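From a predicted model like this one, the values you see are computed outputs, not experimental measurements. Labels below follow one simple rule: chain letters A, B, ... track the order of the sequence lines, proteins then strands, and each chain is numbered from 1.
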Amino acid sequence: MAEIKCVDLCKTYLQGDAEVRALDHVTLDIEPASFICLSGPSGSGKTTLLNAIGGLDELDSGAISIDGERVDRLDGGALADLRLRHIGFVFQSYNLIPVLSARENVEFVMQVQGLPARERSQKARDILREVGLEGMEDRRPAQLSGGQQQRVAVARAIVSQPKLVLADEPTANLDSTSADQLMRLFRDLNDTHGVTFMIATHDERVMRYAKRLIRMQDGKVIGDDLQRPIDR
Amino acid sequence: MSGSLPIGALGRLAWRNLWRNYRRTLVMLLAIAVGVWAMIFMTALMRGMVDQMIEDGIAALPGYVQVHHPSYRDDPSIANRIPEPDAAFSAALDTPDVMAWTARVRVPAMVSSERDSRGVTLLGVDPAGEIALGFDTEDIVAGRWLDGPDDSGLVVGRKLLERLETDLGKRVVLMSQDPNNDIADRGFRVVGVYRASLPVLEETFVYAGKTRVQTMLGITAQVSEIAVSGRDYRNVDGLVAAVSAAADSEAEVVPWMELDSYLDSMLRVMDGFVLVWMVVVFVALSFGLVNTLMMAVFERIREFGLMQALGMKPRAIMFQVLLESLMLLTLGLLIGNILAVASVLPLSGGMDLGVVAEGMEMMGAAAVLYPALKTGDVLLANAVVIILGIVTSLLPAWRASRYRPVEAIAKT
């Protein structure tokens, strides 16, 4: 379980000559085992917030801590270690390693973590079955559809049961049935293992699964509501 | 695994990425293989040429080590002579380092036929000892080799025979100085004609029986030099020590490198030249290698960002690119080594360079070249390629590890 504190986060990008405020004094407290959806129009700062929490992007100012550890003060190696141990990412586009099969992509993080081959192979097969890719373990990304690739990416993010999963538009390339299956899987992990989920999405169907819905616009939090999620 | 590198994962990624663009990889492999082949093959040819020049030079001396009177090298006349070796000397040289030895009278002389005269070096030899030392009787192209130290005949070189406008069976007169600086001369019948790898040798040396020459010069049981041959001309320290222990304490024991400093400097220059040649070939190769790796890195910026996002440390990404380079270099080396051995072995019987024989002769080399494939040179070529290859790959590898994950992932 991950407790996340974001204090006064600011991040500005230069787009041509224009300054874009991606995060504008964002402050958030995220309790352990949260299931949060970040919603808002494109450019509202959802992805920037996820990247900042995951240590992929540097802030102009502000502080982020995960379970009391200041993420914004860690160097590249320590951040990589934090992501390896505690954070799973699902990116907007599938971001699989093209020279590895579906199973090898899922195994990759566990291999870097140093898990024994047999254990990681079994875990990879189990999770791929769970996301509906049984029988496709040995296919390379180019041999999978967009939805199937996204499910491999999801399997990779959750297979080692991280404390926190940061997902950016995870259902963008899925049909409604696959999207529902995926959200149920996320919720199951959240309910049974206390994995914290932060999901950036435009998709109303996804938002229905959230226990907390944070709305963003122009880099600011404009709404932060607890809600009763639909039954998984 | 926070401290150690995931070698298995990196190795698999490196190997598969290598074949991702297999045409590019094959072209680079071919370039490395041809470069390595050129390094080893050309070095074998050059080594062969220099080896032969040195061996010919030593054969002309001959011997790896010689014992002289201390003043002989300044004045190689019969005045500066040493006692003929005794049984104790012979027993002392009965060691594995010594392959053969012989004593000879060696003086400057003038040889005259009825038509012409030439300055030569007269060698009064024990014919059996010369054969043990390396004289090949197969090189006698007409007549015969000397029968013994008492043989009254003379063996001359092919070229000298032409110059003197004489022939086998005819008499010539040899003239030199005795220890009292008086003229010593004697008629000899030409009984044999020899060939040498270099025409200059055929014009310089004439062979006669040792006892006959000693008689002509008026000396008894004395010689100009004792020549000793060993097993490795590059390493004669043990031989020098053994001969020094056996020889008269007042005699001078000199290795071939001092007797012919030109040959020695040629050997040293060759060692340096081999390294320079290999580095030059590699520098040409390195442009292709860096270009290939840079392209491979630029094509995969997004993947490097993804790997960092998944928890791979920058140094692991750097290591992966270096591993790719190492695999490429190792494969190229393997092919290059096989090509080099496969092209040198069929030439072990010698390469006939008859068409450039005159040029080779000017360089002091023979017209038949025997490539010399030396383990040290092959190892040096492999080490140059691996070490400089890895050094050259550091830039693309470092570049790959420096991308910021968020920017790298956003690359399309």
Q.
Testing the basics here: between A:R83 and B:P405, what is the closest heavy-atom pair and its distance to 0.1 Å?
A.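 That would be NH2-CG, 4.3 Å.
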
Q: Please report the shortest heavy-atom distance between B:A309 and A:F91, naming the atom on each side.
A: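 Nearest heavy atoms, B:A309 then A:F91: CB-CZ, 3.6 Å.
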
Atom [atom1] of [X] with >12 non-hydrogen neighbours under 6.0 angstrom:
{"X": "A:R129", "atom1": "CZ", "result": "yes"}
{"X": "B:K374", "atom1": "NZ", "result": "yes"}
{"X": "B:N337", "atom1": "CG", "result": "yes"}

Q | Members of residues 11-25 of chain B whose heavy atoms come closer than 4.5 Å to chain A | A |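 So far as heavy atoms go, B:R12, B:L13, B:R16, B:N17, B:R20 are the residues that approach chain A to under 4.5 Å.
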
Q.
I want to check something: taking the side chain as every heavy atom from C-beta on, are A:L84 and B:K313 in contact at a cut-off of under 4.5 Å?
A.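 Contact flag for A:L84/B:K313 side chains = no.
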
Q.
Report which part of B:Q308 has an atom under 4.5 Å of a heavy atom belonging to chain A: side chain, backbone, both, or neither.
A.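 Contact with chain A is through both the backbone and side chain of B:Q308.
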
Q.
I need the contact set between residues 42-60 of chain A and chain B: heavy-atom distance under 4.5 Å, sorted by residue number.
A.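 Only A:N51, A:L56, A:D57, A:E58 of residues 42-60 of chain A have a heavy atom under 4.5 Å from chain B.
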
(Q) With side-chain contact (heavy atoms from CB on, under 4.5 Å) as the criterion, how do A:V112 and B:L310 come out once you've worked through the C-alpha distance, each side chain's angles and the decisive distance to 0.1 Å? (A) CA-CA 9 Å; A:V112 178; B:L310 295 177; over 6 Å; no

**Q.** Inter-residue atom distance A:L96.CG - B:E303.CD, 0.5 Å rounding
**A.**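 Those atoms lie 10.0 Å apart.
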
